[in-house]
Protein chains: 2
Amino acid sequence: MAPSGTESRRVTIHDVARSAGVSRQTVSRALNDKGEIHGSTKQRVLDAALALGYRPSRFARGLVRQDTISVGLVIPDLLNPFFTEVAAAALEAARARGWHVLVYDTADSADEERGTLEVIASQVDAVVGYFSRPEDEIEKLTRGVPVVLIDRERRTDRFSSIRIDGEDGVRAAITHLAAAGHRHIGMLDHAGRAEPSVRHAWFAAATAACGLDAGPVRRADQSVEGGESALAALLAEHPEVSALFTFNDIMAIGALRAARRLGRRVPRDLAVIGFDGLRLGTLVEPPLSTVALDTRSLGALAVEQAGRLLTGGEPLGPDELVVRAELRLRESG
Amino acid sequence: MAPSGTESRRVTIHDVARSAGVSRQTVSRALNDKGEIHGSTKQRVLDAALALGYRPSRFARGLVRQDTISVGLVIPDLLNPFFTEVAAAALEAARARGWHVLVYDTADSADEERGTLEVIASQVDAVVGYFSRPEDEIEKLTRGVPVVLIDRERRTDRFSSIRIDGEDGVRAAITHLAAAGHRHIGMLDHAGRAEPSVRHAWFAAATAACGLDAGPVRRADQSVEGGESALAALLAEHPEVSALFTFNDIMAIGALRAARRLGRRVPRDLAVIGFDGLRLGTLVEPPLSTVALDTRSLGALAVEQAGRLLTGGEPLGPDELVVRAELRLRESG
DNA sequence: CGGCAATTCGTGAACGTTCACGGGAGCGTT
DNA sequence: AACGCTCCCGTGAACGTTCACGAATTGCCG
């Protein structure tokens, strides 16, 4: 059947044409279901194509008809459920538009991110995702392609960004904890960057607004283990802490584990509120309270904006490129 | 700066050449860091390219140098942690080879799967993933491209498949339960296909080998909710059941929830053992015992075989295309 | 000053497909 | 018999890039 295996010259439309005794154009007509072709010849061409194992070149095809659009989705760690949810949403939005999505997992490594960016510009029509590299470098490496940054500020004619606004949600969370009588609220921040996160700033503002002293903050790895050990350390230093806010749900789940290990009952001895609103939070025991954000619309927004930058349509403004987080109370706090 | 926004003709290498006062080839040399070009002209070309917002066409480039390889990864549901882990492994394996991966989430829908298959053959060099459609249809739609099926049998020169062998692992699990004194072991099977799953066959064989009667089986949706409601129904009908094996970990986690809701303590009143070995299983309470399989090597194997089919190398044989599952005991059973 | 090599650059061709156009065969109408 | 129409089918061109080759310029050495 198909002449596979041995390395040889590619089977082209020309070979099929010769084999079927017709011209290239007729082969093209047969394969693309265009009209202007006799039923019998069409069948003959199709048979010949199958017999030769012909497969059209996507490059040649893409070169002449400029229709297929593909976007690159860059994710630091697909195994992190938060990014998984965003990726799933982006995939769905892209599918609805008939786009193709190339996914790149940078493994939380700045080097891998660089390598990805280097290669990506020549492979996709637009880039969407999370980046940690300095902006001018991203700008240089993605030469020409529209870029949509998630959870990071940057706006030019080619760059766009989706802002995550958790200010109200975090304030609601802290207010809730304060109302429940908690006076010492700690936080587990992430340790990725040098400076404290924006979420920490929201936390600090919220505690101040509630008339509380600034609670102790500990930086941790963005993982369950990171949250687990960080909470243990924090409680060892500040045993008076009775409530906890974390940078994200993953770390909060680690905190839950640490609390269980330390014999602190949640939420009685320690109230825990995370950030992200992962589905995963409903599976742990007790179910995790969280400042939830709509990952679905996050991914969808990013793709939508990429499309607008791409087609030259009216891009969304800063007011529309925001995803707001809101407090979702479950049992842990 | 870059002439973005307005829809116009594409900026080609020719435009850059004219703007810089050189030939196409010189532009190509400058952009691809080839030698045979003077430093100053190179810079001049680069400046001109930047000013015009030039971006090489991946189609034209791909047409002439046949180096870029991209594979399509088809997944029923990226939000299912099992598939996420496989996808992450596949991405990593592909990255190591310098390949690009186009990810398609078929949303567990046969129609979406069909749509994906239709479009995929003309966009990738190989296909890897999970499929539910009949084989002859897959064969017809993927005309020409090598395909690697995961957890499904099929072997021709173009098709390959990765087998999941959980026989020993499941037998170990059931043996363990029987040794702990359980006489009535139920199972939650999946409800996707018409016929019972292979995992059910392993389960049945294992119970028989332990000298137990065939335990009650209930079919359920592949989700936490599915497992939750199915266990409730199973226990209502068969209250004597004291141990449970499930088609996968997700359903097992649902079973854990149901048990808690019903006041059955795990593992004292009900022992639970899942299948898959998800990381997620370590986060729930109690940690889930499971017949674990190495998702990492699963994804890596699939990509490896795709590569061999693609380059005409010696493909892996059936004995190598197997991922064995082994019992991993934690607290739930 | 001639010759030769090294360096730098340009020209035709090729990659494999589709688009625009034109042409021939067959049939019916006037 | 001439004309027009429909139905098929083929030919040149174009898409945008890189490759193979040749030409022009420069520098060096005898």
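Throughout, protein chains are lettered first and strands after them, A, B, ... in sequence-line order, and every chain is numbered starting at 1. Side chains are part of it too, since the values below use all heavy atoms of this structure and drop only hydrogens, waters and symmetry mates.
- In this view, B:Gln43 and B:Asp47 satisfy the side chain to side chain donor-acceptor pair (under 3.5 Å) rule, not counting sequence neighbours.
- Between B:Glu36 atom CD and B:Lys42 atom NZ the span is 12.5 Å, to the nearest 0.5 Å.
- With axes fitted over five pairs at each extremity, the angle between the ends of the helix from C:dC1-D:dG30 to C:dT30-D:dA1 is 60° (10° resolution).
- Remark: A:Glu36, A:Ile37, A:His38, A:Thr41 in residues 34-41 of chain A come within less than 4.0 Å of DNA chain D through at least one heavy atom.
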Using the 3.5 Å cut-off, write out each protein N or O paired with an N or O of nucleotides 14-17 of chain D and the distance between them.
from   : atom 1 : to      : atom 2 : distance (Å)
D:dT17 : OP1    : B:Tyr54 : OH     : 2.4
D:dT17 : OP1    : B:Ser57 : N      : 3.2
D:dT17 : OP2    : B:Ile13 : N      : 2.4
D:dT17 : O5'    : B:Tyr54 : OH     : 3.4

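- As rounded to whole Å, 13 Å separates atom P of C:dC9 from atom CD of B:Gln43.
- With sequence neighbours excluded, no residue forms a ring pair (Phe, Tyr, Trp, His ring centres under 6.0 Å) with B:Phe82.
- With contacts defined as side-chain heavy-atom distances shorter than 4.5 Å, the pair B:Thr68/B:Trp99 does not qualify.
- Between A:Gln25 atom CD and C:dG22 atom P there is a gap of 15 Å when expressed in whole angstrom units.
- Taking side-chain N and O atoms only, A:Ser23 has no distance below 4.0 Å to OP1 or OP2 of D:dC9.
- Between B:Arg44 and B:Ser19, the side chains place no donor N or O within less than 3.5 Å of an acceptor N or O (distance only, hydrogens not considered).
- Interatomic distance, A:Leu31 CG to A:Tyr54 OH, rounded to the nearest 0.5 Å: 6.0 Å.
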| Nucleotide by nucleotide, 5' to 3', does protein get under 4.0 Å of the base (B), only the sugar-phosphate (S), or neither (-) in nucleotides 23-28 of chain C, counting heavy atoms? | ------
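- Judged as a salt bridge (charged side-chain N to carboxylate O under 4.0 Å, His left out), and not counting sequence neighbours, A:Arg55 has no contacts.
- Applying the salt bridge (charged side-chain N to carboxylate O under 4.0 Å, His left out) test to B:Arg95 and every residue at least two apart in sequence or in another chain returns A:Glu112.
- With sequence neighbours left out, B:Arg152 forms a salt bridge (charged side-chain N to carboxylate O under 4.0 Å, His left out) with no residue at all.
- Between the side chains of A:Glu113 and A:Thr106, no donor-acceptor pair of N or O atoms lies under 3.5 Å.
- The stretch residues 26-48 of chain A participates, sequence neighbours left out, in no ring pair (Phe, Tyr, Trp, His ring centres under 6.0 Å) pair at all.
- By the salt bridge (charged side-chain N to carboxylate O under 4.0 Å, His left out) test, A:Asp165 is found to be paired with A:Arg324, residues two or more places apart in sequence or in another chain being considered.
- Whole-Å rounding puts the B:Arg29 CZ to C:dT7 C1' distance at 11 Å.
- Pairs of residues two or more places apart, or lying in two chains, that qualify as ring pair (Phe, Tyr, Trp, His ring centres under 6.0 Å) and include a residue from residues 112-146 of chain B are B:Phe83-B:Tyr130.
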